[in-house]
Structures are given as C-alpha cells and as structure tokens.
Amino acid sequence: MLETAFQTNPMAYPPQLSEVYETLRPAVRLNLLIVDADAAVRSACVEIASTLGYAVRSTAGLDEVRSLLKGHTVDILLVNLPSTGKQGLELVSEVKMLSPNIAILVMTASGSVDMAVEAMRCGACDYLTKPFDIEELAIVLQRAASTITVDVESRKLRERLRL
C-alpha cells in the first residue's frame, strides 16, 4: 500500500478533470491579462489559465492595465473589481470603448454582486464571484474564447462577402 502511494504523482489531474480541461482549451492561443491585487488569487488564475493554453500576463494594479494594453495584444481581460470605489468600473468602460473586441471578465467579492451587474452594463461579458473554483474559471474563460472565435470568424465572413 505504501509503495503504491509513493509511486503515484500527486500533482497529476484525475483522468476526468484532464478530459474536462481538454474540452475547455481554446482552439487558438489567446492572450489573457489578469488583474488582481491579491497575489495568491492572481497566481492561481495565471497557473490555471496557462494550463488551459492561454498566453497569460498579470498585474496587481488597475493603473498598469492601460500601459499593458498599449504594448501587448490582449484578447481577454480578467479584472478584479475592488469593493470600494468606481475605478474598476471606469476601467471596464474605458477598455470596452477603446478596444471593443476585448472580452472583459470581472471578479468580485461575494458581497458585491451589484458591482458585477454594473460591470456588465459597462461592457463586461461575464463575471465570477469570489471564491470560485477551477472549473468555474475554466468555463468562464472558455465562454469568452468561444465568443471571440465566433466574432473573428463572423468578421472574416462579412469581409469575404463584402469583397
């Protein structure tokens, strides 16, 4: 019994979870920017998204997002909305106005669902309520990736029809 325990790989995902991750992997490698002041949450999100096949960048501050968006391609923005202040909502509105093709996902503390709803009005396409689990994050990212893929294909088809 002990010999079997030492021979197993504790970091390996169970077969059913690996299969789920394969179905949630985006067809194309998308660029994801994660914004959260909490280093532990940010690090966990980076690890999960990387495992799912996203090219991930992260930052702790909302102020740094603008410069990162100017210097790098971003397909999906995953941003934590602070429970106080409107800075996060202003960022969502600004990003959606300047880059309407970016899928914006927001994370909120469990008590700030109203803020998540307001973020949806400002242009976010989905939200997560903290604490969330791996599967919830994976599903929300997959929905955003699917939306982006459909939008790109739709634009290509319209362009072909126009020509």
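For the single chain, residues carry numbers from 1 onward in sequence order. What you see below is based on every heavy atom in this structure, not just the backbone, and it leaves out hydrogens, waters and symmetry mates. In this text, all values refer to a predicted model and were calculated from it rather than measured experimentally.
- For the atom pair CZ of Arg143 and CG of Asp126, the computed distance is 4.0 Å after rounding to the nearest 0.5 Å.
- Under a 3.5 Å cut-off, the side chain of Ser67 and the backbone N or O of Glu64 do form a donor-acceptor pair.
- The line from CD1 of Ile102 to SG of Cys125 is 11.0 Å long, rounded to the nearest 0.5 Å.
- None of Arg162, Arg160, Arg155 except one satisfies the side chain to side chain contact (heavy atoms under 4.5 Å, CB included) rule with Arg158; the exception is Arg155.
- Partner of Val95 under the side chain to side chain contact (heavy atoms under 4.5 Å, CB included) criterion, out of Val79, Val74, Leu77: Leu77 alone.
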Under the side-chain contact (heavy atoms from CB on, under 4.5 Å) rule, what do Arg66 and Leu91 come out as? Steps first, then yes or no, please.
CA-CA 9 Å; Arg66 290 167 185 89; Leu91 177 70; 4.1 Å; yes
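- With respect to the salt-bridge test (charged N to carboxylate O, under 4.0 angstrom), the residues Lys156 and Glu159 do not qualify.
- Remark: the backbone N or O of Ile76 is not paired with any side-chain donor or acceptor of Tyr54 at under 3.5 angstrom.
- Going from atom CD1 of Ile34 over to atom CG of Leu137 covers 7.0 Å, rounded to the nearest 0.5 Å.
- When every heavy atom of Thr108 is checked against every heavy atom of Ala116, the shortest pair comes out as CG2-CB, 3.8 Å.
- Between Val92 and Ala119, the shortest heavy-atom contact is CG1-O, 3.9 Å.
- Take Glu136 and apply the side-chain contact (heavy atoms from CB on, under 4.5 Å) test, not counting sequence neighbours, and it matches Leu128, Phe132, Asp133.
- A distance of 11.0 Å separates CZ in Arg57 from CG in Leu69, rounded to the nearest 0.5 Å.
- Defined by atom type and a distance below 3.5 Å, a donor-acceptor pair is missing between the side-chain atoms of Thr149 and Glu153.
- Shown here for Cys45 and Leu78, the closest heavy-atom pair between the two residues is SG-CD2, 4.3 Å.
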Going through the distances and angles, do Lys96 and Ile104 end up as a side-chain contact (heavy atoms from CB on, under 4.5 Å)?
CA-CA 8 Å; Lys96 203 59 181 176; Ile104 303 172; 4.0 Å; yes
Apply side-chain contact (heavy atoms from CB on, under 4.5 Å) to the pair Asp38 and Met107, showing each step before the final yes or no.
CA-CA 12 Å; Asp38 185 338; Met107 299 180 280; over 6 Å; no
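- Shown here for Leu105 and Ala144, the closest heavy-atom pair between the two residues is CD2-CB, 4.1 Å.
- Looking at Lys130 and Asp36, their side chains come closer than 4.5 Å, going by heavy atoms from C-beta outward.
- With hydrogens and angles disregarded, no donor-acceptor distance shorter than 3.5 Å links the side chain of Asn80 to the backbone of Val35.
- Heavy atoms only, all atoms of each residue included: Ala103 and Ile148 are closest at CB-CD1, 3.9 Å.
- Rounded to the nearest 0.5 Å, atoms CG (Asp75) and CZ (Arg29) are 11.5 Å apart.
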Side chain to side chain donor-acceptor pair (under 3.5 Å) between Glu47 and Thr51, worked out:
CA-CA 6 Å; Glu47 185 175 336; Thr51 301; 5.5 Å; no
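- Within the model, atoms CG of Leu89 and CD of Glu118 stand 6.0 Å from one another, a figure rounded to the nearest 0.5 Å.
- Side-chain contact between Gln87 and Asp63 is present, with heavy atoms from C-beta onward closer than 4.5 Å.
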